[in-house]
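Some notes on the structure that comes next.
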Amino acid sequence: MPPTFGNWQVWSDAPRFTAVSFAETLDGGQAFRWQRKGECFEGRWGRNVVRLRPRSGQVDYAAPTGVDPVETRLALKTYFACGTDFEALTDALPWRSDPVLAAAVHHFRGLRILRQPFGETLFGFLCSSTKQIPQIKAICETVARELGEPLPDGSHALPSWSVIADAGEAPLRAAKLGYRARYIYQTAQFLAERPGWLEATEAAPTEEARARLLELPGVGRKIADCVLLFGGGRLEAFPIDTWVEKILIRAYQLEAWKLPQLQDFARIHFGPAAGYAQQYLFAAARAGFIPS
DNA sequence: GCACAGGTAGATT
DNA sequence: AATCTACCTGTG
């Protein structure tokens with residue numbers, strides 16, 4: 001039995017993470033296919049499999065045996081949105097006048113927004129409604145194992161939407177998706193009837209892309225914004241879930257405000273990278289920094 | 001046993 | 001146009 005992964009390589013232009021921001025970026029609810037293995041993380045997206053190991057201000061990576069590490073490094077560059085200057089974006093957030101955001105930014109400095117495959121992001125967040133992150137991850141593993149193509153290390157990719165459309169609702173129910181199974185299957189059918197629709201959605205301006213995503217069964221404002229933010233690189237998209245709603249209401253004293261008003265507040269207060277601010281706040285709330 | 005969990009859609013007021 | 005409620009399943 002040969003080793004599953006090749007040698008560790010230095011990821012020379014890796015983002016500058018702290019241990020905290022590294023773990024929070026991969027395992028903080030943006031993505032659902034990363035597993036912590038001692039000091040390192042093992043993750044999957046598209047056809048890619050990689051192990052990452054944070055080391056004092058840099059990151060090492062290992063590709064599966066038989067996979068060219070150069071190819072893996074290119075995939076990492078896209079996945080971690082290395083063309084985006086998150087340090088500059090952080091500096092431009094209103095932390096100077098916002099002590100709540102300042103505390104979150106201080107603790108999670110180096111946090112990034114991932115650029116995941118658009119279709120997979122849609123799948124992940126269709127699984128997510130009133131589920132906890134460990135359950136969402138377990139569901140993704142089951143669906144990948146049952147319907148997805150094998151990957152170089154013997155694990156499986158998430159299935160394409162056309163495979164889900166052909167497989168029907170039953171395997172989704174079997175994966176414990178519950179009522180979400182119908183939404184996912186209906187979305188798969190919707191996409192199967194419209195070749196190129198998802199790609200056109202990803203390429204559209206944010207408002208139009210959001211309106212298109214809202215046509216999908218099971219996709220409301222929150223899921224649409226998660227797909228735009230974590231899969232479409234739209235840093236202005238500001239998903240409001242139960243956590244973020246509580247933060248905004250409690251920490252910013254917006255007691256009587258409803259969701260559409262909170263959306264307006266976020267856009268105006270946090271600016272063009274509001275979604276990035278949202279991820280700092282979400283992380284801080286989950287870590288117990290912000291009273292909720 | 002029961003409330004609650006990264007919501008959404010359809011019914012009811 | 002707000003505000004309930006059903007929808008599945010796992011966990012504490």
Take atom [atom1] of [X] and atom [atom2] of [N], then tell me their distance rounded to the nearest Å.
X: A:Ile184; N: C:dC7; atom1: CD1; atom2: C1'; result: 14 Å
X: A:Ile136; N: B:dC4; atom1: CD1; atom2: C1'; result: 14 Å
X: A:Leu126; N: C:dC8; atom1: CG; atom2: C1'; result: 15 Å
X: A:Ile133; N: B:dC4; atom1: CD1; atom2: P; result: 20 Å
X: A:Tyr183; N: C:dC7; atom1: OH; atom2: P; result: 11 Å
X: A:Lys137; N: C:dG10; atom1: NZ; atom2: P; result: 18 Å
X: A:Gln135; N: B:dA5; atom1: CD; atom2: P; result: 12 Å
X: A:Arg182; N: B:dA9; atom1: CZ; atom2: C1'; result: 9 Å

Sticking with atom P, work out how far C:dC8 lies from B:dA11, rounded to a whole angstrom.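 C:dC8 and B:dA11 have their P atoms separated by 16 Å.
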Within the 4.0 Å heavy-atom criterion, would you say [X] contacts the bases, only the backbone, or no part of the nucleic acid?
X: A:Lys131; value: base
X: A:Gln186; value: nothing
X: A:Glu245; value: nothing
X: A:Gly124; value: nothing

Among residues 213-222 of chain A, which residues get a heavy atom nearer than 4.0 Å to DNA chain B?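 The answer is A:Leu216, A:Gly218, A:Val219, A:Gly220, A:Arg221, A:Lys222.
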Distance check, rounded to the nearest 0.5 Å: A:Ile240 atom CD1 versus A:Lys258 atom NZ?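 If we round to the nearest 0.5 Å, A:Ile240:CD1 and A:Lys258:NZ are 12.5 Å apart.
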For C:dC8, which nucleotide in any strand shown is its Watson-Crick or wobble partner with both distances under 3.5 Å?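 Across all strands, not a single nucleotide pairs with C:dC8.
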Do A:Arg112's NZ or CZ and the ring of A:Phe86 fall within the cation-pi criteria of under 6.0 Å and 45°?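 Because its charged atom misses either the 6.0 Å distance or the 45° angle limit, A:Arg112 does not stack over A:Phe86.
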For A:Trp197, is the NZ or CZ atom of A:Arg212 found under 6.0 angstrom from the centre of its six-membered ring and inside 45 degrees of the ring axis?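 Verdict for A:Trp197: a cation-pi partner in A:Arg212.
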Pi stacking test for A:Tyr179 and C:dC7: under 5.5 Å apart, planes under 30°: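 Per 5.5 Å and 30° rule: yes, stacked.
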Minimum-distance nucleotide to [X] side chain [options: [options]]:
X: A:Lys246; options: C:dT9, B:dG7, B:dA5; value: B:dA5
X: A:Lys258; options: B:dA9, C:dT3, B:dA5; value: C:dT3
X: A:Arg180; options: B:dG7, C:dG10, C:dC8; value: C:dC8

Distance-only donor-acceptor test (3.5 Å): side chain A:Arg173, base C:dC8: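 Under the 3.5 Å cut-off, the side chain and the base do not form any donor-acceptor pair.
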What about the rings of A:Trp45 and A:Tyr79, do their centers lie closer together than 6.0 Å?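 Close enough - the centres of the two rings lie under 6.0 Å apart.
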Compute the ring centroids of A:Phe80 and A:Trp11, then answer whether they are less than 6.0 Å apart.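 Yes, ring centres under 6.0 Å apart.
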Taking NZ, NE, NH1 and NH2 as the nitrogens, is one of them in A:Lys37 or A:Glu39 under 4.0 Å from a carboxylate oxygen of the other?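 A salt bridge is absent here (no side-chain N lies under 4.0 Å from a carboxylate O).
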For A:Phe238 and A:Phe270, take the angle between the two ring planes, folded into 0 to 90°, and tell me which bin it lands in: parallel under 30, tilted 30 to 60, perpendicular over 60.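 Because their plane-to-plane angle is under 30°, the rings of A:Phe238 and A:Phe270 count as parallel.
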May I ask you to decide if the ring planes of A:Phe22 and A:Phe17 are parallel, tilted or perpendicular, using 30° and 60° as cut-offs?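 Taking A:Phe17 first and then A:Phe22, their aromatic rings stand perpendicular (interplane angle over 60°).
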